[in-house]
Number of protein chains: 2
Amino acid sequence: MALSAPANKPLCGGDKISVRLEQRELPVHSPKRVLFLDLVLSLFRLNGLLIAEGDAMTKQLGLTHARWKVIGAIALSSAGLTVPGIARVLGQSRQAVQRITDVMVEDGLLLYTENPKHKRSALVTLSEEGKETYNLLREVQDPWAIENTEDIPTEELETTLRLVRRLIKKFN
Amino acid sequence: MALSAPANKPLCGGDKISVRLEQRELPVHSPKRVLFLDLVLSLFRLNGLLIAEGDAMTKQLGLTHARWKVIGAIALSSAGLTVPGIARVLGQSRQAVQRITDVMVEDGLLLYTENPKHKRSALVTLSEEGKETYNLLREVQDPWAIENTEDIPTEELETTLRLVRRLIKKFN
DNA sequence: TGGTTAGTGTCAGCATGTTGTCATTTGCAC
DNA sequence: GTGCAAATGACAACATGCTGACACTAACCA
């Protein structure tokens, strides 16, 4: 096995090794089933790659993927979000989000502000520093998004997004 | 916020809360860019949901997502895989895979067998118990795959898979 | 009003994954 | 054959995420 991946980077296939869903020792099923399982496996890989992309992209900003996800969620919400609210948006446990936001408040990126609708559950907002960071995030994220979509037809993006949303709804 | 998610489950939105990529305080960009960022966020959520699905599906088998990913990768490889090989297939670091396989060997699911091509790097194979587990895995996975695709046109699955693969190649 | 149910904060334990580091082995070019 | 770069194994530190548990608060209904 002579591959050229750096020793400590996630080794993200795509080189000589590629997995196809072969049918071995088990009866063949519908091609759609194979298609779907193949898609699921590919989604796992794409997820990892996207996180790696984001981390590389935001390393200079001192962000990690957990952090820019939170910043993005807050920045995109018009109404204001609580910790469990962010968790719902990101599809994670509230405990996981709580831990991240606690550290980010300590680091001065976020603020807990009073929530008129709930005495205990504070609203999480961007501090001035957090807003600046978000703007910097946008500055690297936008060119990245544009660059990666310029050769992809809008219709394909729409079809994919629709299917992904459909699956999300299904598993929700 | 009156939601009905169990207290300790990943709170996977989709209910009243939905994030749309609004443009606030920043110039509007191409709709494609918004589409793409929306897709990325959705993929994060779908990834979490798929893992949760898989975990729920395989809980009775005593598997976790890290484990059925490994079992699946080994079962689908015709040539035999080393630890770094599995890592490449799954798009993860070899260290992470090594830890999982070590435990799975201890648990009797996997075997390290001699690798004629490499003195130090053993081939990871399924033990008898591992093969049984894989068959059980297939028994729950296949109906799941069929159930979740019966109302989705094959062409959409193909378009999505193609796009996902394209992105994988791009980030690889 | 009082009670029940759901949502939230908090702490702890554990599983997973990345990165860094270093020694050792392989493979390849010379 | 030698030497070097890449691959691998091994260990450690750290970030992230899930689950369980328990107390407290909010919301809702009879």
Colleague: Parallel, tilted or perpendicular, judged at 30° and 60°: which one describes the rings of F36(A) and W144(B)?
Modeller: tilted

Colleague: Starting from P on dT8(C), measure out to CD on E114(A) and report it in whole angstrom.
Modeller: 17 Å

Colleague: Nearest to the side chain of P84(A), which nucleotide is it out of dA15(C), dT18(C), dT8(C)?
Modeller: dT8(C)

Colleague: Write down the distance between CD1 (I51(A)) and P (dA15(D)), rounded to a whole number of angstrom.
Modeller: 16 Å

Colleague: To the nearest angstrom, how far is M104(B) atom CE from dT16(C) atom C1'?
Modeller: 13 Å

Colleague: Please state how far atom CD in Q98(A) lies from atom C1' in dC18(D), giving the value in whole angstrom units.
Modeller: 15 Å

Colleague: Please report, rounded to the nearest Å, how far the C1' atom of dT16(D) is from the NE2 atom of H65(A).
Modeller: 6 Å

Colleague: Counting only side-chain heavy atoms from C-beta out, which of dT18(C), dT8(D), dC11(C) sits nearest to Q95(A)?
Modeller: dC11(C)

Colleague: Ignoring the backbone of I100(B), work out which of dT16(D), dT16(C), dA26(D) is nearest its side chain.
Modeller: dT16(C)

Colleague: Both K59(A) and S121(A) contact DNA chain C. Taking the nearest nucleotide for each, which residue is further toward the 5' end?
Modeller: S121(A)

Colleague: Nearest of dT19(D), dT16(C), dA10(D) to any side-chain atom of R67(B)?
Modeller: dT16(C)

Colleague: Quick one: is R94(A) getting a side-chain N or O under 4.0 Å of the dG20(D) phosphate, OP1 or OP2?
Modeller: no

Colleague: Quick check for you: among dG9(C), dT24(C), dT21(C), whose closest atom lies nearest to any side-chain atom of R120(B)?
Modeller: dT24(C)

Colleague: Search all heavy atoms of L111(A) against all heavy atoms of V105(A) and return the closest pair with its distance.
Modeller: N-CG2, 4.3 Å

Colleague: Using whole Å, what does the distance between atom C1' of nucleotide dC18(D) and atom CG of D55(B) come to?
Modeller: 9 Å

Colleague: Please report, rounded to the nearest Å, how far the P atom of dT8(D) is from the NE2 atom of H118(B).
Modeller: 6 Å

Colleague: Y112(B) OH to dT8(D) P: how many Å, rounded?
Modeller: 14 Å

Colleague: Mapping V83(A) and K69(B) onto DNA chain C by nearest heavy atom, which one lands closer to the 5' end?
Modeller: V83(A)

Colleague: Backbone N or O of S121(A) within a donor-acceptor pair of the Y112(A) side chain at under 3.5 Å?
Modeller: no

Colleague: Nearest heavy-atom pair of I168(A) and R45(B): which atoms, and what distance?
Modeller: CG2-NH2, 3.9 Å

Colleague: Respond yes when some side-chain nitrogen or oxygen of T64(B) is under 4.0 Å from OP1 or OP2 of dT16(C), and no when none is.
Modeller: yes

Colleague: If the threshold is 4.0 Å, N to carboxylate O, is there a salt bridge linking D38(A) and R33(A)?
Modeller: no

